[in-house]
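Just the heavy atoms: all of them, side chains too, but no hydrogens, waters or symmetry mates, feed the values below. Both counts, for ligands and for their atoms, begin at 1 and track the order of listing.
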Amino acid sequence: MAKNTLTVTDNRTGKQYEIPIEEGGAIRAVRLRDIKTGPDDFGLMSYDPAFTNTASCRSKVTYIDGEKGILRYRGYPIEELAEHSNYLEVAYLVVKGELPNEQHFRAWEENIKTHTMVHENLKAFMQGFRYDAHPMGMLVGTIGAMSTFYPDAKEIMNLESRRLQTRRLIGKLPTLAAWAYRHTRGLPYVYPDNELSYTGNFLSMLFKMTELRYKPNPTLERALDILFILHADHEQNCSTNAMRSVGSSQVDAYSAVAAATAALYGPLHGGANEAVIRMLAEIGSVKRVPEFIKSVKAGERKMMGFGHRVYKSYDPRAKIVKRLAYEVFEVTGRNPLIDISLELEKIGLEDDYFVSHRLYPNVDFYTGIIYQAMGFPMTMFPVLFAIPRTSGWMAQWAEMVRDPEQKIARPRQIYIGENIRQWTPIEKRPAPTMREDAVSDQI
Ligand code: ACO
C-alpha cells in the first residue's frame with residue numbers, strides 16, 4: 001500500500017531518510033535537520049526567499065484555489081457573501097468563524113458601533129501631521145499610537161481583551177481613515193454617526209459638509225460595502241504575514257496592525273490599484289492600447305492589475321468588481337478609463353503572451369476605477385483596503401496567538417558574509433578599494 005511519506009537519499013553519506021507527508025501535502029522543514037553528514041553538522045535547511053513554497057501556519061480562515069479561481073472565507077464562496085451579506089456580517093464570520101444569527105449580529109453591530117469614537121487626544125495627534133501627509137502614513141502612525149491609549153491590549157492571552165481590541169480596531173479604523181482624508185483636504189473632522197451603517201457612517205465622515213445629517217447614496221454605500229467584503233481577508237499575503245510575524249513577539253494588536261498596515265502601503269501590495277489608474281491615464285485612449293500591449297510583450301513594462309502570485313485564472317474578486325463598476329457609474333457617471341480597461345482585458349484574455357503566462361485581471365484591475373468615480377483621491381486607495389482587511393488581520397492574529405505550535409517568528413539565514421576578521425585601530429585601516437566603495441554604495 002502507498003505510504004504517505006517522502007524518502008530522501010543523502011548522496012553525501014548514502015543514508016536514507018523517511019519524512020512524513022502531512023496535511024495539505026507539506027513536510028515539516030525541521031525534519032530536514034535530521035539530514036546531516038556527522039554529529040557536528042547543523043543539518044539541512046530549506047531556502048525559500050519570499051516564502052514562495054513555505055506554509056508558515058495552519059489556518060481555518062480563508063481558502064484559495066489559485067488554479068480554479070476560488071476564494072472562500074470560512075468555507076463560504078466569496079460570490080455568495082458579496083451577493084447576500086454585508087461587511088459587518090462578513091467581519092463577524094472572518095473573526096469568529098461562523099455567520100451570526102440575528103441576535104448575535106445585532107450585538108456585534110452594537111459592539112462595533114460603541115467603538116467608532118476615538119479619544120480626543122488622537123484627534124490632536126492627527127492634527128499634528130503636515131497638511132500634505134499621505135493618508136496611509138497617517139493611518140500607520142495613528143494605529144501605532146493607539147497602543148499607548150489601550151495598555152490593556154498587552155494581555156494578548158486574555159480572550160476578553162482580544163475581543164475588545166478587535167471591536168475597537170474594526171470600529172475605529174473608518175474614523176481614523178476618514179479623518180486622514182479630511183486632514184489632507186483641510187476640512188474639519190466629522191464625528192461618527194452611529195445611526196448609519198458601517199459604510200454609510202464612513203461615507204458620512206468622509207464627505208459630510210454643512211448638511212445636518214449626511215445621507216449616503218444607497219448604491220454607493222452598498223458598492224463600498226461589497227468592496228469591503230472582497231478585501232476582508234486573503235490568507236497569508238504580505239500584510240497578513242507581517243501581522244502574524246510582528247504579533248508573534250507578543251506585542252499588542254495595535255502595534256501589530258500598524259505593522260500590517262505599513263506592509264499594505266507598498267506599491268506591490270495595497271498600492272497596485274493606484275498603479276493601474278496611472279497606467280490607464282498614461283495610455284489615454286483605446287486606440288493606443290495595441291501599442292501599449294506591444295511594449296508589455298516586449299518586456300518593457302508590466303500590465304498593472306494583471307497577474308497574481310496565487311491566481312493562475314481570473315481572480316474571482318475581479319469579476320465581482322467589474323460588474324459593480326457599472327452600478328457605480330449609474331450614480332457617478334461613467335469613468336472613461338473603463339473603456340481602456342475593457343480593451344486591455346479583451347486583448348489580454350486572447351493574446352498568446354498573456355495566455356501562456358497565465359495572466360488574468362486581478363482585484364486591482366477595476367477597483368481603482370470605482371474609487372476614482374466615487375471621488376476618492378489615489379492616496380486613499382490603500383486606506384480603503386486597510387479598513388476591511390483589519391478583520392482579516394485580527395482573525396489571523398487570534399489564530400496565531402492560540403496556536404500552540406506557533407512561536408516567535410524567526411527564520412534562518414544562509415550566511416554569505418566574511419569569515420572571522422581581526423579588529424584594527426582606525427588609523428591602521430587601509431584606504432577602501434574600488435570594490436569596497438561599490439559595496440558600501442549599496443545602502
Ligand atoms: N504584465 C506582464 N507580464 C507579467 C505580468 C504583468 N502584469 N505579471 C507577470 N508577468 C510575467 C513576468 O514578466 C514573468 O515572465 P517571464 O516568466 O517570461 O519572465 C511571468 O509573467 C511570471 O511573473 P512573476 O513576476 O514571476 O510572477 P509573481 O508571482 O512573482 O508576481 C505579481 C505576481 C507581482 C502580481 C505580478 O503578476 C505583477 O507584477 N503584476 C502587476 C502588479 C499587480 O497588479 N499587482 C497586484 C496583485 S493583487 C494584490 O496584491 C491585491
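Shown in contact with Val296 at under 4.0 Å from a heavy atom are these atoms of ligand 1, numbered in order with element: 2 (C). Residue His269 has at least one heavy-atom neighbour below 4.0 Å for each of these atoms of ligand 1: 50 (O). Listed by number with element, the atoms of ligand 1 under 4.0 angstrom from any heavy atom of Gly305 are 43 (C), 44 (O). Below 4.0 Å from some heavy atom of Leu359 lie the following atoms of ligand 1, by number and element: 2 (C), 3 (N), 4 (C), 5 (C), 8 (N), 9 (C), 10 (N). Taking every non-hydrogen atom of Arg309 and a distance limit under 4.0 Å, the qualifying atoms of ligand 1 come out as 28 (P), 29 (O), 30 (O), 33 (C).
Nearest non-hydrogen protein atom to atom 42 (C) of ligand 1 is Met304 CE, 3.3 Å. Nearest protein neighbour of atom 35 (C) of ligand 1, counting heavy atoms only, is Gly307 O, 3.6 Å. Of all protein heavy atoms, the one lying nearest to atom 45 (N) of ligand 1 is Ala272 CB, 3.5 Å. Ranking protein heavy atoms by distance to atom 41 (C) of ligand 1, first place goes to Phe306 O, 3.4 Å.
Under the 4.0 angstrom criterion, atom 49 (C) of ligand 1 counts as having a protein heavy-atom contact. Note that atom 32 (C) of ligand 1 has no protein non-hydrogen atoms nearby, at separations under 4.0 angstrom. Distance screen at 4.0 Å: atom 15 (O) of ligand 1 has a protein heavy-atom neighbour inside the cut-off. Contact annotation for atom 28 (P) of ligand 1: protein present (non-hydrogen atoms, distance under 4.0 Å). Within the 4.0 Å cut-off (strictly below), no protein heavy atom is located near atom 22 (C) of ligand 1.
Of the polar atoms of Arg301, none of the N or O atoms is found under 3.5 Å from an N or O of ligand 1, judged by distance alone. The N/O atoms of Phe385, backbone and side chain alike, include none that comes under 3.5 Å of an N/O atom in ligand 1. Considering backbone and side-chain atoms alike, Met303 places an N or O below 3.5 Å from some N or O of ligand 1.
Considering only heavy atoms from C-beta on, Phe306 stays 4.5 Å or farther from Val276 through its side chain. The shortest side-chain heavy-atom distance between Thr379 and Thr184 does not fall under the 4.5 Å cut-off. Inter-residue side-chain proximity for Leu176 and Val118 is flagged as met; some heavy-atom pair is nearer than 4.5 Å. The closest side-chain heavy-atom distance from Phe365 to Leu344 is below 4.5 Å. Counting heavy atoms from C-beta outward, Asp252 and Tyr150 have side chains that stay 4.5 Å or more apart. Here the side chains of His231 and Val363 are in contact, with some heavy-atom distance below 4.5 Å.
For Asn237, no heavy-atom contact with ligand 1 is shorter than 4.0 Å. Contacts between Tyr353 and ligand 1, counted as non-hydrogen atom pairs separated by less than 4.0 Å, involve the side chain only. Using a 4.0 Å cut-off between heavy atoms, Asp315 makes no contact with ligand 1 at all.
Note that Arg33 lies in the cation-pi zone of Phe42, set by a 6.0 Å cut-off to the ring centre and a 45° limit from the axis.
Enclosure of atom OH in Tyr415 by more than 12 non-hydrogen atoms of other residues, nucleotides or ligands within 6.0 angstrom is indicated. Applying the 6.0 Å contact sphere to CZ of Arg334 captures more than 12 heavy atoms from other residues, nucleotides or ligands. By the 6.0 Å contact criterion, CG on Asn53 is open, its count of non-hydrogen atoms from other residues, nucleotides or ligands being 12 or less. Within a 6.0 Å radius of CZ in Arg28, other residues, nucleotides and ligands contribute 12 heavy atoms or fewer.
Taking each of His357, Met279, Lys302 in turn, the one with a heavy atom nearest to atom 17 (O) of ligand 1 proves to be His357. Residue Asn362 holds the heavy atom nearest to atom 43 (C) of ligand 1 of all those in Asn362, Leu264, Asp364.
Relative ring orientation between Phe228 and Tyr198 is described as perpendicular, the plane-to-plane angle rising above 60° on a 0-90° scale split at 30° and 60°.
Of the N and O atoms on the side chains of Ser197 and Glu221, at least one donor lies less than 3.5 Å from an acceptor on the other residue.
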